[in-house]
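The model shown is predicted, which means the values in this text are computed figures rather than measured ones.
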Amino acid sequence: MDRGAATGAAGRLILLDVVRPDYPWLYGTPSPTLYTRFTQVRDPEGFAAIIDLCRNDERATMTDERSALIQLARMLMRNGGDLEAVTLTDCVEAYRAQTGFSSRLHSHWYTLLRRAGLLSVDSPPSIHAASRRGQLTITEMVDGYDISYGPIRELFVDYLTERSAGLDYSTIGPLASKLILLFWRDIELHEPGIDSLHLSDRVARAWKQRLTEVRYGNRRRGEKRQDPYSILMAVRAFYADLSHWALEDPARWARWAAPSPVDSRDLAGMKKAAQHRRSRMHQRTRELAPLLPRLSEVAHARRVASAALLEAAKRVAPGGAFTVNGQTLRRAVLSSDPALGGTGRPGVVYVTNHVADKDVGSARRHHTAGRRNLTLEAERAFWAWASVEVFRHTGVRIEEMLEITHRSFVSYTLPATGEVIPMLQITPSKTDKERLLVISPELASVFAEIIAHVRDGHEQIPLLSRYDHAERLHSPPLPFLFQRRWGLVNIGITHMRIKSLLDELVEVAGITNADGTAAHFSPHDFRRIFATEAVSQGLPVHITAKILGHESLDTTQTYVAVYDQDVIDHHRAFLTRRRATRPSEEYREPTDSEWDEFLGHFASRKLELGTCGRAYGTGCQHEHACIRCPMLRPDPTQRTRLENIITSLRERLAEATERGWLGDVDGLTVSLAAAQQKLIQMQRTATNLGMPSRR
C-alpha cells in the first residue's frame with residue numbers, strides 16, 4: 001500500500017472514531033482537509049454554533065475561525081464525543097500538549113467554548129489562566145525537595161505550616177527553599193544517613209563553606225553567592241523557633257530542639273555587607289539621576305514620532321507610498337490584508353522601504369524587504385513612555401503600577417477651601433498597606449493618555465483578570481490600565497515586558513554611563529531616584545516614607561542617595577578658612593624666571609639610573625650617594641646599566657675581602673644591597689606621571 005492510500009485509510013478511521021491519535025501526531029500532521037471533513041461529520045450542530053459566534057465577532061478574522069475549528073477538532077479526535085462533552089481538563093491537556101508548536105499562540109477556541117456555554121461559568125477567563133498551576137500546599141512544597149529522612153520531612157511540614165499563618169505565599173516559598181534546598185537537603189547530599197538537627201562542628205563548617213562558595217538557588221550550581229546572610233538568618237531563626245516552641249509544647253517540638261549551627265560570628269560581616277550594598281545602590285542612583293531627563297525626552301519624542309508615522313501609513317491605501325520626516329515608505333500589500341479581501345488582522349499596518357513599482361503586483365513581490373510593523377512600534381513606544389512617566393512621577397513599585405485600575409482614582413475635598421484634589425489609590429503590595437498619592441497635573445495628563453489608548457474608541461476599559469506570579473492567583477476581572485491588545489483579547493502587561501521596553505528605550509536613546517558603558521534602568525531605579533529628588537527638594541523623610549509605603553525610616557534612608565548637607569557646608573567653610581590663612585602671593589601667576597627655576601629643579605633631578613624624588617626647593621641631603629639613596633626612582637629602561645653596576649660591586653667586594661680592606665667591605669656591602677633593592681623596584685610596574693606644563 002502506498003503512502004497516499006495509507007494516509008487516506010488513517011483519516012477514515014479517525015472520522016469513524018476507530019482510531020484516536022495522540023496530540024503530538026495531531027499537531028505534527030497538519031491536514032486542513034481532514035479537519036474540515038471532521039467538523040462536518042462529528043457534531044455538525046455544535047461546530048455550526050461555534051462558526052456563528054466567530055462571524056458575529058467583528059474583530060475575528062477567517063484565520064481565527066479556521067484555527068479555532070481545527071483545534072476543537074483535534075480535541076474531539078483525541079478524546080471522542082462531541083463539543084458538549086469537552087471539559088476544562090480536556091482544554092488544559094490540549095493546551096499543554098501544544099508546547100513546541102506555533103498553534104500555541106492561538107487560544108481563541110477556549111474563548112468560544114466559554115461563550116457557547118460549553119464550559120462552566122466559573123471556569124478561568126483564559127486558557128493561559130486555566131493551565132497555570134495555583135498555589136502549592138505546604139506538603140507539596142516540601143515534597144518537591146525529596147527529603148530522605150521521613151521525620152525531618154514531617155518536621156518541615158509542621159514548621160512551615162506554623163509559620164505560614166503570618167506570611168504570604170510569596171514569602172513562605174523562598175523560606176522553604178532556604179531551609180530545605182539550601183540547608184537540610186544540601187547536608188543530606190553530603191552526609192548520607194544523617195537523621196538529627198544536632199550538627200557536629202565539622203558538618204556545620206562544611207555546610208557554611210559550601211554555602212559561601214556555591215549557589216544552589218533555582219537549582220543552578222557553580223555561581224558565587226555574594227550575600228549568604230539571608231540563608232544563615234533563616235536557619236538561625238529556624239533553630240530559635242524550635243527551641244522556643246519546645247518550652248511551650250514539649251510533646252511536639254522538644255525532640256527537635258538543638259544548638260544552632262549559626263552563631264554571631266557567622267553573622268559578623270552582615271552589617272558591613274549591608275553597608276556595601278547600600279553604597280552601591282547610592283552610587284547607582286547618583287549615576288542614573290542625571291540621565292533620567294534625557295530618557296524622558298527620548299521616550300516622548302519616540303512616542304510622538306511613531307504615532308505620526310502610523311497615522312500617515314493609515315491614510316494611504318495598501319501599496320501606496322508616503323513620506324514622513326524626509327523618509328519615504330510604502331504600505332505593504334499582504335495577501336491577508338482585509339482592505340484587499342484578505343483574512344488578516346484589521347488595524348495592523350506594515351510598511352516596507354519605498355520601491356519604484358507602481359502596480360500592486362510588483363509591490364507584493366517586494367513586501368518582504370525591510371518590513372516593519374508600525375502598529376507594534378507605536379504600541380511599544382507608547383507603553384515605554386507611559387511606564388517612564390508613571391514611574392518618575394509616583395515612585396511606585398512595578399507590581400503596584402501594573403495593578404492600577406480605572407477605579408484607583410479618587411477625589412479629596414479640602415475642608416477649608418473646598419478644593420478638589422485628585423488622588424491615586426495604590427493597591428497594597430509588599431507591606432499590605434493601602435496608601436493614597438496626590439496626582440500632579442503632569443501625572444493626570446499621562447493617565448488621561450493611557451485611558452484613551454486602552455479604550456481605543458470604546459466607551460469603557462475592557463475587563464481582564466491579571467495573574468499574580470508571586471502569589472500564583474488570578475484577580476477578578478478589573479479595568480486595569482496597563483493592558484494591551486493580543487490577537488482577539490486584551491492581556492495584562494507583564495513585568496518582563498516593562499523591563500524589555502525600558503531596555504529598548506535606553507538603547508534607542510543611546511544613553512551611556514560616565515565611563516562609556518551602556519546604561520541600564522530597572523523599574524526600581526525610578527523609585528530610588530524619586531525618593532532622592534523628593535528629599536533633596538525639601539520633602540521631609542518621614543513624609544517620603546509615607547509616599548513610598550515604607551514602615552521604617554531606615555528603609556527610606558537607604559533609598560535616598562543624597563550627600564549630607566551639613567558635611568558639605570562645613571567642608572566648604574573649612575576650605576574657605578584655609579585659603580584665607582594662606583599668603584595671597586601663592587595664588588598669583590608665576591613669573592617667567594620662577595617658572596624656569598621650577599622646571600630647572602626637575603631637570604637637575606635627572607640621574608644615570610632614573611630620577612631623584614626630592615621635593616622642589618630642597619637640595620641633596622645624602623651627599624649624592626644615589627645608589628644607596630631611598631629617594632632614587634629607578635628607570636626600568638636602565639636595568640642593563642644597573643646590572644653592570646651590581647656586577648662591578650661584586651667584583652670590588654671580592655677584591656676588598658681578599659686584600660683585607662674591611663672598611664671598603666662594609667661600604668661595598670651596603671651599596672650592593674641597595675643596588676639589588678633598586679633592581680627589584682625596576683621589575684615592578686612604574687607609572688610615568690610626565691613633566692608638568694605651564695598653563
Side-chain angles (χ1 to χ4, degrees), residues 205 208-209 212-213 224 226 265 268-269 271-273 275-276 279-280 283 514-516 571 574-575 578-579 581-583 585-695:
R205 284 197 305 270
K208 286 181 282 191
Q209 181 65 27
T212 304
E213 294 180 351
K224 294 292 183 181
Q226 300 295 332
R265 293 171 296 179
K271 183 177 181 180
K272 186 176 181 180
Q275 292 174 347
H276 288 173
S279 298
R280 291 193 300 269
Q283 180 62 23
D515 57 357
H571 189 200
F574 163 73
L575 295 177
R578 186 181 67 175
R579 175 165 293 186
T581 59
R582 302 289 293 182
E585 58 270 14
E586 293 187 3
Y587 297 98
R588 62 177 174 82
E589 287 290 331
T591 63
D592 293 339
S593 60
E594 289 173 339
W595 187 254
D596 292 338
E597 180 186 354
F598 178 72
L599 296 180
H601 163 77
F602 292 96
S604 64
R605 296 195 313 179
K606 185 64 178 176
L607 302 172
E608 174 189 11
L609 296 177
T611 305
C612 179
R614 67 180 184 272
Y616 170 72
T618 61
C620 181
Q621 300 178 4
H622 303 91
E623 300 179 356
H624 298 282
C626 299
I627 195 66
R628 301 182 182 182
C629 181
M631 300 300 294
L632 174 63
R633 296 174 180 173
D635 185 1
T637 60
Q638 300 296 327
R639 178 173 180 176
T640 303
R641 184 179 295 273
L642 181 58
E643 291 175 346
N644 295 335
I645 293 175
I646 292 175
T647 302
S648 177
L649 287 173
R650 287 173 178 169
E651 293 175 353
R652 292 177 59 191
L653 179 60
E655 181 183 1
T657 302
E658 180 181 355
R659 300 196 178 192
W661 300 336
L662 300 182
D664 289 338
V665 169
D666 294 338
L668 291 172
T669 301
V670 174
S671 298
L672 179 60
Q676 291 174 338
Q677 183 64 29
K678 296 294 186 297
L679 183 61
I680 295 175
Q681 294 179 11
M682 284 185 177
Q683 296 174 353
R684 300 173 182 172
T685 302
T687 301
N688 183 14
L689 299 179
M691 292 294 292
S693 60
R694 183 177 180 180
R695 291 179 296 179

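Glu655 contributes atom CD, which lies 8.5 Å from atom CZ of Arg652 (distance to the nearest 0.5 angstrom). We find the CG-OG distance between Leu668 and Ser671 to be 6.0 Å, quoted to the nearest 0.5 Å. Considering CG of Leu672 and CD1 of Ile646, their distance stands at 7.0 Å, rounded to 0.5 Å. With values rounded to the nearest 0.5 angstrom, Asn644 atom CG is found 11.0 Å from Leu649 atom CG. Asp666 CG to Leu653 CG: the interatomic distance, rounded to the nearest 0.5 Å, is 9.5 Å.
The two residues Leu642 and Leu679 come nearest to each other via the heavy atoms CD2-N, 3.5 Å. Across all their heavy atoms, Asp664 and Ala656 have their closest contact at CB-CB, 4.2 Å. Contact record, Pro634 with Lys678: CG-O, 3.9 Å, taken as the closest heavy-atom pair.
A donor-acceptor pair under 3.5 Å is formed between the side chain of Ser279 and the backbone N or O of Gln275.
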